[in-house]
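So the structure is just underneath, and the comments pick up after that.
Worth saying up front: this structure is predicted, and the values here are computed from it rather than measured.
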Amino acid sequence: MDFEYILPENRESYAAFVGNLRESMSREGYQVSVALAPKTSGEQKGLFYEGMDYALLGANADQVFLMTYEWGHQHGPTGAGLCSYGNPQK
């Protein structure tokens with residue numbers, strides 16, 4: 001699942017939704033994965049982070065994937081998401 005722009009006041013409800021979905025899908029033999037933007041701190045601000053309770057989502061999903069292409073966000077400088085260190089073209 002890749003839901004974005006979850007409001008901070010909905011973070012626990014979203015995590016509960018993921019848990020309920022996991023429970024339902026597991027009865028059919030499926031797993032639930034959640035995609036999350038990488039964070040550098042627990043207090044990180046922004047639309048991709050504040051509505052996501054990473055600990056609850058990790059507990060309620062079968063897998064969590066970090067969208068490392070989000071390391072540089074859509075409002076950041078061009079190419080910011082290519083690599084978290086240095087210039088990959090050098």
Side-chain angles (χ1 to χ4, degrees):
M1 297 177 44
D2 182 7
F3 282 82
E4 297 176 1
Y5 307 113
I6 304 294
L7 297 175
E9 58 267 24
N10 295 326
R11 64 188 285 146
E12 289 182 11
S13 296
Y14 176 59
F17 167 74
V18 170
N20 290 335
L21 182 63
R22 177 186 182 195
E23 187 178 313
S24 296
M25 297 301 283
S26 69
R27 287 194 293 267
E28 303 297 323
Y30 295 101
Q31 294 187 341
V32 172
S33 302
V34 176
L36 296 171
K39 297 193 312 184
T40 57
S41 75
E43 295 78 35
Q44 189 163 340
K45 301 293 182 198
L47 289 173
F48 291 133
Y49 314 106
E50 294 178 74
M52 304 292 181
D53 187 314
Y54 284 48
L56 280 177
L57 290 169
N60 289 339
D62 293 298
Q63 294 100 20
V64 173
F65 293 96
L66 293 179
M67 302 179 294
T68 56
Y69 60 86
E70 293 289 0
W71 223 285
H73 57 86
Q74 65 184 351
H75 304 291
T78 302
L82 293 177
C83 188
S84 62
Y85 59 93
N87 184 340
Q89 297 177 351
K90 288 185 177 182

For [X] and [Y], work out which heavy atoms get closest and say how close.
X: Phe48; Y: Tyr54; result: O-OH, 4.1 Å
X: Asp2; Y: Glu4; result: OD1-OE2, 3.2 Å
X: Asn60; Y: Ala15; result: ND2-O, 2.8 Å
X: Met67; Y: Ala37; result: CE-N, 3.5 Å
X: Gln44; Y: Lys39; result: OE1-CA, 3.3 Å
X: Ala61; Y: Val18; result: CB-CG1, 4.0 Å

* **side-chain contact (heavy atoms from CB on, under 4.5 Å) between Gln31 and Met25, worked out** => CA-CA 6 Å; Gln31 294 187 341; Met25 297 301 283; over 6 Å; no

* To do: Any pair with a residue in residues 52-62 that passes salt bridge (charged side-chain N to carboxylate O under 4.0 Å, His left out), sequence neighbours left out, goes on the list, sorted by first then second residue, please.
  =>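 Salt bridge (charged side-chain N to carboxylate O under 4.0 Å, His left out) check on residues 52-62 returns Arg11-Asp53, Arg22-Asp62.
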
* Go through the steps to decide whether Met52 and Val34 satisfy the test side-chain contact (heavy atoms from CB on, under 4.5 Å), and finish with yes or no. => CA-CA 11 Å; Met52 304 292 181; Val34 176; 5.9 Å; no

Do [X] and [Y] sit in one hydrophobic cluster, given that two such residues count as connected whenever their side-chain heavy atoms are within less than 4.5 Å of each other, even indirectly?
X: Ile6; Y: Phe17; result: yes
X: Tyr49; Y: Phe65; result: no
X: Leu66; Y: Leu47; result: yes

* Asked: For Glu12, what residues pass the salt bridge (charged side-chain N to carboxylate O under 4.0 Å, His left out) criterion, not counting sequence neighbours?
  -> none

* Structure fact -> Residues at least two apart in sequence or cross-chain that pass ring-ring contact (aromatic ring centres under 6.0 Å, His included) with Phe3, listed by chain then number, are Tyr14

